[in-house]
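Any value given below was found using the heavy atoms of this structure, including those in side chains, with hydrogens, waters and symmetry copies removed.
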Amino acid sequence: MAAHVTHVDFYLEVIERYVRTGDNSNIDWRAIWDTVREVTPSEWEALRAKLRASYARVRLLLEGIEDWNQERRITDAVAIIAHSASHLGAIRQGLRTIGHEEP
């Protein structure tokens with residue numbers, strides 16, 4: 001679950017960088033899945049806080065877009081929603097499976 005949270009945070013950071021700069025190069029999508037393992041309770045809370053902060057930044061960024069007619073704006077926004085929802089659903093399911101409260 002820590003890898004899912006870290007992945008969603010990373011994904012949002014990549015999206016934020018892309019929307020701001022157009023740069024989507026040098027992205028290692030596999031690294032998180034290969035390196036993130038067990039975390040302590042304090043590390044878990046830090047991951048959750050970082051994800052919330054990334055979500056807030058991307059949400060403000062998307063809310064600030066005035067021209068949704070530009071190429072790929074709506075497509076990118078829907079992709080963010082669908083991809084993030086998939087991982088957040090996996091996190092929620094995993095937490096329920098191990099008996100933890102909702103994130």
Side-chain angles (χ1 to χ4, degrees):
M1 285 180 296
H4 276 286
V5 171
T6 304
H7 174 75
V8 174
D9 180 60
F10 179 71
Y11 179 70
L12 291 174
E13 288 175 353
V14 167
I15 293 298
E16 180 181 23
R17 183 179 75 191
Y18 176 73
V19 169
R20 292 186 188 281
T21 69
D23 179 17
N24 66 351
S25 61
N26 299 321
I27 301 168
D28 184 356
W29 295 108
R30 189 77 222 149
I32 290 166
W33 303 107
D34 292 338
T35 59
V36 177
R37 299 286 183 243
E38 294 178 15
V39 294
T40 65
S42 62
E43 290 170 330
W44 175 246
E45 289 306 315
L47 288 176
R48 292 174 59 197
K50 190 172 184 301
L51 175 57
R52 282 188 197 103
S54 294
Y55 165 78
R57 285 192 321 274
V58 171
R59 181 176 173 176
L60 284 174
L61 181 64
L62 294 177
E63 287 174 353
I65 295 174
E66 293 181 14
D67 181 7
W68 283 93
N69 291 320
Q70 288 182 327
E71 183 179 339
R72 297 193 53 168
R73 292 277 191 197
I74 293 176
T75 303
D76 290 345
V78 171
I80 293 168
I81 292 166
H83 186 87
S84 298
S86 172
H87 286 285
L88 293 173
I91 293 164
R92 179 172 283 177
Q93 179 80 21
L95 289 173
R96 285 186 177 162
T97 299
I98 63 173
H100 284 282
E101 296 296 319
E102 294 294 316

From [atom1] ([X]) to [atom2] ([Y]), nearest 0.5 Å:
{"X": "S54", "Y": "I15", "atom1": "OG", "atom2": "CD1", "result": "12.0 Å"}
{"X": "H87", "Y": "L51", "atom1": "NE2", "atom2": "CG", "result": "11.5 Å"}
{"X": "Q93", "Y": "T97", "atom1": "CD", "atom2": "OG1", "result": "4.5 Å"}
{"X": "N24", "Y": "T21", "atom1": "CG", "atom2": "OG1", "result": "8.5 Å"}
{"X": "R52", "Y": "L12", "atom1": "CZ", "atom2": "CG", "result": "13.5 Å"}

> Given the rule in the side chain to side chain contact (heavy atoms under 4.5 Å, CB included) test, do R57 and L60 qualify, once you have shown the distances and angles that lead to the verdict?
Replying inline: CA-CA 5 Å; R57 285 192 321 274; L60 284 174; 6.0 Å; no

Cluster question for you: counting only ILVMFWY and a side-chain heavy-atom cut-off of under 4.5 Å, with indirect links fine, are [X] and [Y] together?
{"X": "Y11", "Y": "I27", "answer": "yes"}
{"X": "I65", "Y": "V14", "answer": "yes"}
{"X": "W29", "Y": "V36", "answer": "yes"}
{"X": "Y18", "Y": "I81", "answer": "no"}

>> Set out, in order, the CA-CA distance, both residues' side-chain angles and the distance that settles side chain to side chain contact (heavy atoms under 4.5 Å, CB included) for L47 and D9, then state yes or no.
In response: CA-CA 8 Å; L47 288 176; D9 180 60; over 6 Å; no

> How would you list, by chain and number, every residue that makes a salt bridge (charged side-chain N to carboxylate O under 4.0 Å, His left out) with R20, sequence neighbours excluded?
Replying inline: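 For R20, the residues satisfying salt bridge (charged side-chain N to carboxylate O under 4.0 Å, His left out) (neighbours in sequence not counted) are E16.
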
>> Please enumerate all residues that pass salt bridge (charged side-chain N to carboxylate O under 4.0 Å, His left out) together with E13, with sequence neighbours excluded.
In response: K50

> Does the side chain to side chain contact (heavy atoms under 4.5 Å, CB included) test come out yes or no for L88 and V5, once each step is laid out?
Replying inline: CA-CA 8 Å; L88 293 173; V5 171; over 6 Å; no

>> Is there a side chain to side chain contact (heavy atoms under 4.5 Å, CB included) between F10 and I32? Walk through the geometry before answering.
In response: CA-CA 9 Å; F10 179 71; I32 290 166; 3.4 Å; yes

Over 12 foreign heavy atoms within 6.0 Å of [atom1], [X]:
{"X": "E66", "atom1": "CD", "value": "no"}
{"X": "R17", "atom1": "CZ", "value": "yes"}
{"X": "D67", "atom1": "CG", "value": "yes"}

> Do M1 and V39 come close enough that some side-chain heavy atom pair is under 4.5 Å?
Replying inline: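 Heavy-atom side-chain distance check fails, nothing below 4.5 Å.
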
> Where does the angle between the aromatic ring planes of W33 and H4 fall among parallel (under 30°), tilted (30 to 60°) and perpendicular (over 60°)?
Replying inline: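 Ring orientation of W33 relative to H4: perpendicular.
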
